[in-house]
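Quick note on labels: first sequence line is chain A, next is B, and so on, each numbered from 1. Given the structure is predicted, the values throughout are model-derived calculations rather than measurements.
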Amino acid sequence: MLGFACICNTLKESGRFKAVTVKTLLKLSEEEQEKKLRAAAVDNLYNSLQILKWCKENNILMYRFSSDLIPLATYAAHWHWWEDADIQNMCSKIKDFVQESGIRISLHPDQFCVLNSDKPDVVQNSIKHLEYLNKLSNMLGNQILILHTGSKAGGKQQAMQRFIDNFKLLPKDIQSKLCLENDDKSFGVSDVLYICETLGIPMIFDIHHYNCLNEEENLWDLRQRILDTWKGRRPKMHLSSGKASFTDRHHGDYINDADYESALKFAGEDFDIMLECKQKELALLRIREKYPDRT
DNA sequence: CTCGGTCAAGGATAC
DNA sequence: GTATCCTTGACCGAG
């Protein structure tokens, strides 16, 4: 099964999301602030639902929500977005649709969510961010939050231990949703597998990150260990192509055939594949056209 | 209206 | 310590 993330180009006006800047917010009264934030959030949730409906119509059964659906969610502390009737209403519509359509959903915190930072206030902010995404997840019926290990300050081993220690401080509800993904700069497949096995959480295998950063591990040796971290749930993996070259960390617009084929080979019958490329659903449709039997 | 500098949030690096 | 880049897509003020 293939999926894509966030933006849907095809839907034009309802395929992307609104943001609110702090600068703008500070010019407004508290009442106007809430009005602006609510309007953007409701709009973003509505657009997410439109995208999900489009996915269903096009038989795309996996989608990752934008993590910015509720603008400035942890900034505007006076606004309890989760208690807002319009937002609750939109969320339950999405939750119902997800349930009846069977679309597999997930959420991916932004890069500033660094659970293993060596700075205590960054860890606290990261936990706040995870609490926001967890709350939203429960309202949307999402069970998967995908995180990177984070910083390697102080050395990789220490940084991995900080991740493990800080993970244990999280509420169980968040812990049960977290999955860890290998990245392209600091923590490779072996590192992330170690953490996942230690904590008993699923590992997201990102094949392009592996191509950019690896210890020449034999993927077939690691494959079963990755599968095992899912404990019977259906595993997911990520796929993208380098923009300028095979190991360019920048994501390309589309997926190269060779990259798709090697991902397919790795996935076999066992993994769902989330596409991470600039052209989002268009890349998925292009793959489907090229490989009609294998998507 | 369009254009482009700017934007909550972190990290890594070079000096 | 501080300056600067990385990196995303939308905001928003200038023209």
Side-chain angles (χ1 to χ4, degrees), chain A residues 4-28 32-33 35-37 39-48 51 64-79 81 107-134 136 145-156 158-160 162-163 166 181 183-188 191 206 208-209 212-213 238 240-244 247-253 275-283:
Chain A
F4 68 97
C6 307
I7 289 171
C8 182
N9 300 294
T10 308
L11 286 179
K12 305 248 181 331
E13 70 279 4
S14 59
R16 45 190 64 235
F17 306 98
K18 289 207 168 81
V20 178
T21 58
V22 168
K23 223 173 169 178
T24 306
L25 210 62
L26 292 178
K27 291 176 193 158
L28 305 173
E32 289 169 325
Q33 288 183 8
K35 199 174 160 199
K36 186 165 184 76
L37 291 168
V42 169
D43 213 53
N44 289 344
L45 289 164
Y46 174 82
N47 288 355
S48 298
I51 294 172
R64 178 202 301 164
F65 288 107
S66 160
S67 61
D68 297 320
L69 292 179
I70 315 291
L72 303 180
T74 60
Y75 180 86
H78 58 85
W79 184 46
W81 57 269
L107 266 166
H108 199 327
D110 272 316
Q111 57 180 16
F112 50 78
C113 182
V114 184
L115 186 60
N116 80 336
S117 174
D118 56 346
K119 302 178 190 72
D121 56 324
V122 174
V123 175
Q124 284 314 307
N125 285 339
S126 300
I127 292 175
K128 267 189 206 160
H129 188 72
L130 287 173
E131 283 169 345
Y132 145 63
L133 287 179
N134 185 53
L136 182 63
L145 293 175
I146 302 168
L147 204 56
H148 289 292
T149 314
S151 158
K152 60 177 177 190
K156 206 162 78 168
Q158 279 190 51
M160 285 164 66
R162 280 202 304 274
F163 185 92
N166 291 345
E181 174 186 351
D183 66 75
D184 53 6
K185 265 170 89 173
S186 306
F187 301 95
D191 303 322
D206 187 308
H208 183 246
H209 290 168
C212 295
L213 175 75
H238 289 173
S240 54
S241 286
K243 188 183 175 111
T247 55
D248 183 352
R249 293 175 42 232
H250 304 277
H251 292 175
D253 287 346
L275 305 182
E276 294 185 315
C277 46
K278 303 287 179 199
Q279 292 303 323
K280 313 291 181 188
E281 89 289 1
L282 300 177

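Whole-Å rounding puts the A:Asn125 CG to B:dA9 C1' distance at 7 Å. As a whole-Å value, the separation of A:His108 NE2 from C:dG9 P is 13 Å. Atom-to-atom, CG of A:Asp183 to C1' of C:dC6 comes out at 14 Å; the value is rounded to the nearest Å. The nearest whole Å value for the distance from the CG atom in A:Leu25 to the P atom in B:dA9 is 14 Å. Taking atom NZ of residue A:Lys128 and atom P of nucleotide B:dA9, one finds them 14 Å apart after rounding to whole Å. A:His148 has its NE2 atom 13 Å from the P atom of C:dT7, to the nearest Å. Nucleotide B:dG11 holds its P atom 11 Å from the NZ atom of A:Lys185, rounded to whole Å. Put simply, CG on A:Asp110 is 8 Å from C1' on C:dT8, counting in whole angstrom units.
For B:dT6 and C:dT4, the P atoms lie 13 Å apart once the distance is rounded to whole Å. Distance noted for atom P between C:dG13 and B:dA8: 12 Å (whole Å). Comparing the P positions of C:dT7 and B:dA14 gives an interatomic distance of 15 Å, to the nearest angstrom.
No contact: A:Ser126 has no heavy atom under 4.0 Å from any strand. A:Lys278 comes within contact range of the sugar-phosphate backbone alone, with a heavy-atom separation under 4.0 Å but no base atom that close. Residue contacts shown for A:Ala5 are absent, as no nucleic acid heavy atom lies under 4.0 Å away. Using a 4.0 Å heavy-atom distance criterion, A:Lys18 is classed as a sugar-phosphate-only contact.
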If pairs are Watson-Crick or G-U with both distances under 3.5 Å, what is the dot-bracket string of DNA chain B, marking crossing pairs with [ ] and pairs to another strand with |? |||||||..||||||
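For A:Ile7 and A:Lys27, each mapped to the nucleotide of DNA chain C holding its nearest heavy atom, the one lying further toward the 5' end belongs to A:Ile7.
For B:dG11, the OP1/OP2 oxygens have a side-chain nitrogen or oxygen of A:Lys119 closer than 4.0 Å. Taking 4.0 angstrom as the limit, A:Arg16 places none of its side-chain polar atoms (N or O) nearer than this to OP1 or OP2 of C:dG9.
By the 4.5 Å heavy-atom criterion applied to side chains, A:Leu69 and A:Ser48 are counted as neighbours. Considering only heavy atoms from C-beta on, A:Phe17 stays 4.5 Å or farther from A:Asp68 through its side chain. In this structure, A:Lys27 and A:Glu32 have side chains that are not in contact, with every pair of non-hydrogen atoms separated by 4.5 Å or more. Put simply, the side chain of A:Lys280 does not reach to within 4.5 Å of the side chain of A:Thr10, judged on heavy atoms. At a threshold of 4.5 Å between non-hydrogen side-chain atoms, the residues A:His208 and A:His251 count as touching.
What you find for A:Glu181 and A:Ile146 is that their closest heavy atoms are OE1-CG2, 3.6 Å.
Considering only side-chain atoms of A:Ser117, the nucleotide from B:dT6, C:dT7, B:dG11 that sits closest is B:dG11. The listed nucleotides are C:dT7, C:dG9, C:dC11; the one nearest the side chain of A:Lys280 is C:dG9. Here B:dA9 is the nucleotide among B:dA9, C:dG9, B:dA8 with the atom lying nearest to any side-chain atom of A:His129. With B:dG10, B:dA9, B:dA8 as the candidates, the nucleotide lying closest to the side chain of A:Asp68 is B:dA9. Distances from the side chain of A:Ser151 to the nucleotides B:dG10, C:dC11, B:dA12 place B:dA12 closest.
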Might you work through the salt bridge (charged side-chain N to carboxylate O under 4.0 Å, His left out) test for A:Asp191 and A:Lys156, ending with a clear yes or no? CA-CA 9 Å; A:Asp191 303 322; A:Lys156 206 162 78 168; 2.9 Å; yes
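Within the model, atoms CZ of A:Arg64 and CD1 of A:Ile7 stand 11.5 Å from one another, a figure rounded to the nearest 0.5 Å.
Here A:Phe112 does not count as stacked on B:dG10, because the ring centres are not under 5.5 angstrom apart with planes under 30°.
The aromatic rings of A:Tyr132 and A:Trp81 stand perpendicular to each other, their planes meeting at an angle above 60°, with 30° marking the opposite boundary.
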